[in-house]
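Order of listing sets the numbers, starting from 1, for every ligand and every atom in it.
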Amino acid sequence: MAIVRYNVHNNGRRHAGSVNTRQLPDGTALTCAHRKPRPSLVPSIMGDIDAALRMPMRPLGNTGLEVSVLGFGASPLGGAFGAINEAAGIDAVHHAFRRGINFFDTSPYYGLTKSETVLGRALRDLPRSEVVLSTKVGRYGVDPRDFDFSAARVTASVAESLERLQVPYIDIIQCHDIEFGNLDQIVQETLPALAALQSQGLVRHIGITGLPLEAFHYVLDRAPPGSVDVVLSYCHYCLNDTTLLGSLPYFRTKGVGVINASPLSMGLLTRGGPPDWHPAPPPLRSAAAAAADHAAARGWDISALGLGFSLRQPDVSSTLVGMFTREMVDENINTALRVLGSTEAAAEESQVLAEVADILAPVRNLTWPSGRPLPSQGQPGTQPADA
Ligand code: NAD
């Protein structure tokens, strides 16, 4: 029974010391009501806890939580990017945790509850208090009619998510893709309903997610201080789009933590290209493919370049990447450790990044419409993107 050093984070508090590999750092972890203790798996998952020393953590706004700089996006566990092998997906979650990722994000929408179910099966074997778990309410399908931000629906939704995730509480509950809802309803009805669940201890912190940054501003301008803890923005801080930068000072004044999702622009910045449902306009798709080809010709993987670029932004607490295999987890963690070991890209990487930026320049910050018109705008409503 070997002795290993550990350095773990628990709701913002850091503990360091040494433990026997057959003990958990936090003895409460396997005793929660919904968890089926599976002691035989514990040493295999916790045995490599020393590796957690290498994954940097950042505070998440004023929540008191510390999240790994690289977060695990679980939408692929629901099949958003193609069919997955459930056992491999569970193994990917365990492997990510073992290598120091503590932040896992899902939604009832991903795979129409499948992502939550698979993630829940994986979480059974992890110590609950060492995981920061976020899920969402309000979005339940691909059609604009599949959104429901009413108090009754989001209250029921949290109960359903707790059941599927097999946990007694959720760390961050987020209103999913707010631009498809009525933003005034979100301020006046949804956030208060989630606050009621917070006071019952079922959820710890509250967030909002979506594509148009203006929707965050609309809600944060009107919601009472402290009623939104976290903003999850996607596809706005990556190689082809950095518009999130314009909102970071505002988010800081509002005291909200910032999560950047989809640093690979939902698959645009990958060797294999995006899935069919990807809403990017054709010029953006072509430029991203050209950038990937150019990077490959220069001996670089566009995903490693793109993830490295996003992770270097210090004002983002965690960058969420969608993953579903152990190999993908390793690849992305290795990128994180490489780029966070130094503040500057190495000379050769900087050169390739500059060449890729030139290729992407004509489509820089080109996005796609998402959701209803904001109350102050007159643009037509649109179909939701898959993530
Ligand atoms: P992403 O940009 O992380 O891209 C995911 C795609 O990249 C998948 O196809 C995955 O297989 C692939 N990939 C991952 N690592 C790779 C690597 N090293 N090499 C090659 N390909 C790689 O997009 P995403 O999954 O949509 O976003 C990440 C997470 O953020 C989601 O899973 C979800 O949890 C969250 N998210 C939330 C919202 C929202 O709330 N509205 C929107 C988007 C994303």
Side-chain angles (χ1 to χ4, degrees), residues 70-84 88-89 92-93 96 101 103-111 114-116 118-119 132-139 147 172-181 207-213 215-216 230-241 259-280 288 292 295-296 300-311 316 318-336 338 370-371 384-387:
L70 179 66
F72 190 107
S75 71
L77 296 185
F81 294 90
I84 68 140
V93 171
I101 290 179
F103 181 35
F104 298 85
D105 176 72
T106 183
S107 164
Y109 168 61
Y110 299 149
K114 182 172 178 194
S115 168
E116 282 193 337
V118 174
L119 185 59
V132 175
L133 174 60
S134 66
T135 190
K136 310 190 182 86
V137 292
R139 182 174 186 176
F147 287 80
I172 309 167
I173 191 75
Q174 303 168 102
C175 304
H176 196 166
D177 291 341
I178 54 173
E179 70 270 24
F180 286 94
I208 50 180
T209 84
L211 185 72
L213 294 160
F216 295 136
V230 176
V231 157
L232 184 160
S233 160
Y234 72 99
C235 291
H236 285 317
Y237 193 78
C238 45
L239 284 176
N240 55 291
D241 185 332
I259 298 163
N260 175 39
S262 309
L264 308 183
S265 204
M266 300 191 301
L268 269 185
L269 301 171
T270 61
R271 286 153 298 198
D276 291 343
W277 52 258
H278 200 292
W300 283 82
D301 173 22
I302 191 73
S303 301
L305 280 178
L307 178 59
F309 172 83
S310 296
L311 288 168
V316 162
S318 187
T319 295
L320 280 169
V321 193
M323 302 184 264
F324 56 93
T325 64
R326 171 187 282 246
E327 291 73 24
M328 224 172 245
V329 169
D330 275 336
E331 206 171 312
N332 293 333
I333 289 178
N334 292 345
T335 295
R338 176 175 61 78
S370 179
D386 215 29

Do the non-hydrogen side-chain atoms of [X] and [Y] ever get within less than 4.5 Å of each other?
{"X": "I101", "Y": "M323", "result": "yes"}
{"X": "T135", "Y": "I173", "result": "yes"}
{"X": "Y237", "Y": "T319", "result": "no"}
{"X": "L119", "Y": "L133", "result": "yes"}
{"X": "F81", "Y": "S75", "result": "yes"}
{"X": "D177", "Y": "Y234", "result": "yes"}
{"X": "S310", "Y": "V316", "result": "no"}
{"X": "L211", "Y": "C235", "result": "yes"}

For [X], counting its heavy atoms only, list the atoms of ligand 1 lying under 4.0 Å from any of them.
{"X": "R271", "result": "19 (N), 20 (C)"}
{"X": "K136", "result": "40 (O)"}
{"X": "A261", "result": "30 (O), 35 (C), 36 (N), 44 (C)"}
{"X": "P76", "result": "32 (O)"}
{"X": "A74", "result": "32 (O), 34 (O)"}
{"X": "G73", "result": "29 (C), 31 (C), 32 (O), 34 (O)"}
{"X": "Y110", "result": "33 (C), 34 (O), 35 (C), 36 (N), 37 (C), 38 (C), 39 (C), 40 (O)"}
{"X": "H176", "result": "39 (C), 40 (O), 41 (N)"}

At a non-hydrogen distance cut-off of under 4.0 Å, which region of [X] contacts ligand 1 (side chain, backbone, both, or neither)?
{"X": "S303", "answer": "side chain"}
{"X": "P275", "answer": "neither"}
{"X": "C235", "answer": "neither"}
{"X": "D177", "answer": "side chain"}
{"X": "L211", "answer": "neither"}
{"X": "T270", "answer": "side chain"}
{"X": "Q174", "answer": "neither"}
{"X": "M323", "answer": "neither"}
{"X": "M328", "answer": "side chain"}
{"X": "L232", "answer": "side chain"}

Within this structure, what is the [atom1]-[atom2] distance for the pair [X] and [Y], rounded to the nearest 0.5 Å?
{"X": "F72", "Y": "S318", "atom1": "CZ", "atom2": "OG", "result": "12.5 Å"}
{"X": "D105", "Y": "Q174", "atom1": "CG", "atom2": "CD", "result": "5.5 Å"}
{"X": "L264", "Y": "L307", "atom1": "CG", "atom2": "CG", "result": "6.0 Å"}

Determine, considering heavy atoms only, which of [options] sits nearest to [atom].
{"atom": "atom 44 (C) of ligand 1", "options": "S134, S262, C238", "answer": "S262"}
{"atom": "atom 39 (C) of ligand 1", "options": "T209, L119, T135", "answer": "T209"}
{"atom": "atom 32 (O) of ligand 1", "options": "A304, G71, G306, S75", "answer": "S75"}

Just by distance, do the side chain of [X] and the backbone of [Y] share a donor-acceptor pair under 3.5 Å?
{"X": "H278", "Y": "S265", "answer": "yes"}
{"X": "T209", "Y": "I178", "answer": "no"}
{"X": "K136", "Y": "T106", "answer": "yes"}

So for ligand 1, is [X] a polar contact partner (N or O within less than 3.5 Å, distance only)?
{"X": "V321", "answer": "no"}
{"X": "Y234", "answer": "no"}
{"X": "D301", "answer": "no"}
{"X": "F81", "answer": "no"}

Q) Within less than 4.0 angstrom of ligand 1, does F324 place any heavy atom? A)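 Yes, F324 has heavy atoms under 4.0 Å from ligand 1.
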Q) Does some non-hydrogen atom of R139 fall short of 4.0 Å from ligand 1? A)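 R139: no contact with ligand 1 (<4.0 Å).
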(Q) Before you tell me yes or no, could you show the steps for L232 and I172 under side-chain contact (heavy atoms from CB on, under 4.5 Å), namely the whole-Å CA-CA distance, both residues' side-chain angles and the distance that decides it to 0.1 Å? (A) CA-CA 11 Å; L232 184 160; I172 309 167; over 6 Å; no
Q.
Below 30° counts as parallel, above 60° as perpendicular, anything between as tilted: where do the rings of F180 and F147 land?
A.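 The rings of F180 and F147 lie parallel, inter-plane angle below 30°.
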